[in-house]
Amino acid sequence: MTKKIYALVDCNNFYVSCERVFNGNLENKPVAVLSNNDGCFIARSNEVKALGIPMGAPLYQWQDLVDKEGIIVFSANFPLYGDMSHRVMKTLEEMCPDLEIYSIDEAFLDLTNMHLSSVTDYCRLIKETVERWTGIPVSVGVGPTKTLAKAASKLAKKIKSNNGVFNFLDYPDTKENDEYLSKVEVGDVWGIGRKYTKLLNRYNIINACDLKNADPVFIKQRLTVTGERTQMELSGIACIPVNRNPHPKKAIAVTRSFGKYQKTLQELSESVAYFTRKIGEKLRAQESAANYLQVFILTNLHRKDHPQYHNSVIVKLAKPSDYSPLLIAAALQGLKNIFRTGFSYKKAGVLALALQPKDLIQYSFLEPTPETQKNAEAKLMKTVDGINRRVGADVLKYAAEGVTRGWWMNQTHKSKRYTTKWAEILQAKLT
DNA sequence: TCTGGGGTCCTAGGACCC
DNA sequence: TCTGGGGTCCTAGGACCC
């Protein structure tokens, strides 16, 4: 069996880099991107990381530092990031068709069958090409397993002299290999999160090399089979394949925190109707139908001084469906069952569960749905989706969504949708 | 006053069946 | 005195990822 060659391409500080592509003044300055509602830091430039602001930190706790250091903050602009991601992935696909888009800012490449004379040189070329074509800086890590490729991408960022590429295959000698592995903290290993890091540290497992050499029985016992796999991957045994054709999602969620507290059933109904319409759009986009909807509502868990209430309900649909009016009716019925008056709600959401391919829907023999009705529903949804796509996402909506959007999130630092809205395209000034 | 959103996988334990 | 045991399915919760 030939050894696999996996590369992980990882966009550096992705959302910040997207903002920088369209605003030259952000270069070399501390820049951060905030979550919805301008709540938490979800992307930080190196300058911001150096100031000590952690990932996920709430903005209000760091506001003084933000002001003092002149940190430039942006509200999240997901249409822009999604479009930039698409450009990066298209570029990667041209250089290695055998790829798995792993997240909005990462892709695994399987370079095994490309017969490269120098894998490391080719990865440098990939890095330069992506940066030239899209303006997004990336790091590339290479290894015989996906977990090692991930670890390598950490080293690519860490070891400055490597110019953004690190390849474990360049260090076949075990001693040298382990030396580099020791530079990766165990918490930075793919699959080891906060809880496991704490546990492992208690047993003096501090870095990736320690984990690789730990007692496999202990690891399996405490970290289950996923931990076992991680450990094997660290020692070069590939357990996790590159997944070229990701299967359709098994669940779809649309959830939001509110910009201001929502108190009445009417208010909550409007947001839930909106979430459910979005669910319908996503279902149709991947040609799935849902068997169940789950609706949940909750108060602000961070405010111990407020009366707390959270609840959720699962509604079985009369038939598997992607038809927005039916979905909305079901979700609102569910909401009615869990709503309690007298609370200030902070967040709500809708999930579509037990998804199935749309073309496999079994219609009832007892109450056959006429072909004409099925066609009419599909045609209506297709028309609505088409108009919303062309004219703007929310031109056509349902009456149940209301018109005020009183729950809408706060976004006071939003950049423009440079790449997806003609009206907001970047303008060049000729001088 | 102010704390994101969208996913996957695994396990333990209860319900149920024979 | 003295109450089985094994298999399967389902779900909630917990871990992880970005």
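By convention in this document, chain letters (A, B, ...) are assigned in the order of the sequence lines, proteins followed by strands, and residues within each chain are numbered from 1. Note that the structure is predicted; figures quoted are calculated from it, not measured.
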**Those residues that, when tested against A:D178, pass side chain to side chain donor-acceptor pair (under 3.5 Å) (two or more places apart)** = A:K212

**Separation of atom NZ in A:K346 from atom P in B:dG4, rounded to whole Å** = 8 Å

**Prompt:** Within a strict 4.5 Å, meaning less than it, do heavy atoms of the A:P144 and A:K4 side chains meet?
**Reply:**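 Side chain of A:P144 against side chain of A:K4, heavy atoms only: no contact under 4.5 Å found.
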
**Message:** Angle between the two end axes of the helix from B:dG5-C:dC18 to B:dC18-C:dG5, five base pairs per end, rounded to 10 degrees?
**Reply:**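 Result, rounded to 10 degrees: 10°.
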
Please determine whether a side-chain nitrogen or oxygen atom of [X] lies at a distance below 4.0 Å from atom OP1 or OP2 of [N].
| X | N | result |
| --- | --- | --- |
| A:T255 | B:dG6 | yes |
| A:K347 | B:dG5 | yes |
| A:R256 | B:dG6 | yes |
| A:N410 | B:dC2 | no |
| A:S257 | B:dG5 | yes |

**Asked** Is the NZ or CZ atom of A:K346 positioned over A:Y261's six-membered ring, under 6.0 angstrom from the centre and within 45° of the axis?
**Response** yes

**Item:** Distance under 6.0 Å and angle within 45° of ring axis: A:K146 vs A:F108
**Value:**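 Satisfied, under 6.0 Å and within 45°.
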
Could you tell me whether [X] contacts a base, only the sugar-phosphate backbone, or nothing, with contacts defined as non-hydrogen atoms closer than 4.0 Å?
| X | result |
| --- | --- |
| A:L301 | nothing |
| A:I192 | sugar-phosphate |
| A:V189 | sugar-phosphate |
| A:R222 | nothing |

**Message:** Quick check: on DNA chain B, is the nucleotide nearest A:Y261 upstream (toward 5') of the one nearest A:A251, or the reverse? Name the residue that is more 5'.
**Reply:** A:Y261

**Item:** Enclosure of A:R405 CZ (heavy-atom neighbours >12, cutoff 6.0 Å)
**Value:** yes

